[in-house]
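Report on one structure; see the data block that follows.
The structure displayed is predicted, hence computed values, not measured ones. The figures that follow rest on heavy atoms only: side chains count, while hydrogens, waters and symmetry mates do not.
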Amino acid sequence: MTETVLVNVSGASGSLVLNRPKALNSLNQEMVELVREALKGWADDDSVAQVVITSEHPKAFCAGGDVRAVRQEQLDGNFESGDTFFVDEYAMNHEIAQFPKPYVAVIDGIAMGGGLGVSLHGSHRIVTENASAAMPEMAIGFIPDVGITHMSQRAVTADGDASPAVARFLGLTGYRLSAADLLWAGWATHFVPSSDLEAFLSLIDASDLDTALSRYSVDPSQAGESELKSLRPVIEQVFSHDTWEAIEDELDDLRETEKHCDPLKIIDDLLTSASPSSLVAGTELYRANAQDVSLEEGLGNEFRLGSFIRRTPDFSEGVRAVLVDKDRNAKFVPATTTEVDSAPFREQLQP
């Protein structure tokens, strides 16, 4: 049986290669356990100077967690399997963030959901021009998770500040970030052209990380212009609020006064496929994790709310529509955000 994560030591690097190509490297229980076991062994191994995580797939870094498998287990009446997976995945996210050595994630393709959890908590997040990323959980009746609701609200943008509004926009709309967006938003730390990637990785193993970065990382401007940056003024206006009701009110005002606003059209198009319950719940989660809480506490909030959401029909329906039947025609209940009661979600987020 082929290993879903190839684990070895190459030179001074502990190497993790995601290797589940037919599933676009979607994380399953085995993959999480292999990563955690490797990190535990390398943390105190003096022969390992850094950990480097890459992908064998030519177009995908990691498409997220295997929620399709979680859904099927739940349809069979087994919720414990999904609970175990998310507990272990979130523990892995925290361990990456706390890892005592450089943790170098190389994103040379698409990274979504859990793929961001296994990369963005690392000390070094390398992107090429082929990189893109998204948190698409609204469309599957779930919530943004893997610590991103905590990390993204604290990430320092290229403008020199953190933006909880940008973080909310990215998680609630599922906007796909380009390499330039990732660099501007502070989700990526370095840009290495794909043509130099093999040489870059070889030099890390043969020499050291700083030498490789000095030689092969280039100015982020070479990744192109960030559309996300250009959208920021409208994003701040709309998503600076911490309830979905207030966000929707702001959107309604824009629809009345700025009918031909391009950013508004982008937002409305992105929200078309979102679960109303997920929008309300996700906003509550961002509010809770914007407070003075640690990453571990933020992950705890995500787990409790996620466990609650997974047990609602919207999760099964959303995964069906996006990943099983792929008709993109989910029938979410309630059908509008005005019908969604936020109180049950807030109860899951009480300290």
Side-chain angles (χ1 to χ4, degrees), residues 1-8 10 13-39 42 51-73 81-82 84-97 99 103-122 124-137 139-140 142 144-148 151 174 176-179 182 187-188 192 194 197-198 200-201 204 319 322-324 326:
M1 181 177 177
T2 303
E3 289 284 354
T4 52
V5 181
L6 306 178
V7 180
N8 63 81
S10 178
S13 300
S15 173
L16 299 169
V17 182
L18 303 178
N19 186 42
R20 197 179 174 218
K22 290 184 179 180
L24 301 181
N25 292 333
S26 293
L27 299 174
N28 60 15
Q29 186 71 36
E30 177 189 53
M31 296 171 78
V32 169
E33 290 174 358
L34 286 169
V35 170
R36 295 187 71 192
E37 182 180 359
L39 293 180
W42 289 335
V51 171
V52 180
I53 184 166
T54 60
S55 165
E56 278 284 274
H57 198 285
K59 294 184 179 180
F61 174 74
C62 174
D66 193 348
V67 292
R68 179 172 176 169
V70 170
R71 171 186 182 268
Q72 186 56 56
E73 289 284 348
S81 175
T84 298
F85 170 73
F86 284 105
V87 165
D88 290 347
E89 183 186 24
Y90 296 174
M92 175 189 68
N93 300 147
H94 188 253
E95 287 158 7
I96 291 169
F99 196 67
Y103 179 99
V104 186
V106 180
I107 303 175
D108 183 38
I110 181 67
M112 295 191 291
L116 296 176
V118 81
S119 57
L120 297 195
H121 295 298
H124 297 70
R125 288 96 64 189
I126 315 297
V127 293
T128 74
E129 70 278 9
N130 301 321
S132 64
M135 294 295 292
E137 286 79 10
I140 61 167
F142 195 47
D145 65 338
V146 295
I148 299 305
M151 172 268 177
R176 180 169 289 197
L177 298 90
S178 66
L182 286 161
W187 289 26
V192 174
S194 60
L197 196 53
E198 185 175 351
F200 168 71
L201 293 170
I204 294 177
V319 175
V322 175
L323 299 173
V324 180
K326 301 181 181 179

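A donor-acceptor pair under 3.5 Å links the side-chain atoms of N19 to the main chain of E3, judged by distance alone. H94 places no side-chain N or O within 3.5 Å of a backbone atom of G147 that could act as its donor or acceptor partner. A donor-acceptor pair is defined here as one N or O able to donate and one able to accept, closer than 3.5 Å; such a pair exists between the side chain of S55 and the backbone of A60. Between the side chain of N25 and the backbone N or O of F61, at least one donor-acceptor pair lies under 3.5 Å.
Counting only residues at least two apart or on different chains, the side-chain hydrogen bond (donor to acceptor under 3.5 Å, both in side chains) pairs with a member in residues 63-73 are R20-D66, R71-S316, Q72-D76, E73-N78.
Looking only at side-chain heavy atoms (C-beta outward), W42 and V51 come within less than 4.5 Å of each other. Between I107 and I126, every side-chain heavy-atom pair lies at or beyond the 4.5 Å cut-off. By the 4.5 Å heavy-atom criterion applied to side chains, V35 and L16 are counted as neighbours. In this structure, the side chains of V106 and I53 stay at 4.5 Å or more apart for every pair of heavy atoms. Looking at S15 and V52, their side chains never come closer than 4.5 Å, going by heavy atoms from C-beta outward. A heavy-atom distance below 4.5 Å is not found between the side chains of R36 and L39. Between Y90 and N93, the closest side-chain pair of non-hydrogen atoms falls below 4.5 Å. Side-chain contact check for I148 versus W187: some heavy-atom pair is nearer than 4.5 Å.
Applying the side-chain contact (heavy atoms from CB on, under 4.5 Å) test between M112 and each of S26, S132, P136, C62 identifies P136 as the sole match.
Note that CG of L27 is 10.5 Å distant from CD of Q29, once rounded to the nearest 0.5 Å. E33 contributes atom CD, which lies 9.5 Å from atom OG1 of T4 (distance to the nearest 0.5 angstrom). A distance of 7.0 Å separates CG of D108 from CD of E129, quoted to the nearest 0.5 Å. With rounding to the nearest 0.5 Å, the separation of CZ in R176 from CG in L182 is 11.0 Å. Here K59 contributes atom NZ and H57 contributes atom NE2; the two are 8.0 Å apart, rounded to the nearest 0.5 Å. Rounding to the nearest 0.5 Å gives a distance of 10.5 Å between CE of M31 and CD of E89.
Considering all non-hydrogen atoms of both residues, I96 and G122 come closest at CG2-N, 3.7 Å. Between A111 and L116, the closest heavy-atom pair is CB-CD2, 3.8 Å. Taking each heavy atom of V118 and Y103 in turn, the nearest pair found is O-OH, 2.8 Å.
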Practice problem: Test F86 against D145 for side-chain contact (heavy atoms from CB on, under 4.5 Å), laying out the working first. | Solution: CA-CA 10 Å; F86 284 105; D145 65 338; 3.7 Å; yes
Practice problem: Show your reasoning for whether side-chain contact (heavy atoms from CB on, under 4.5 Å) applies to F85 and D88. | Solution: CA-CA 5 Å; F85 170 73; D88 290 347; over 6 Å; no
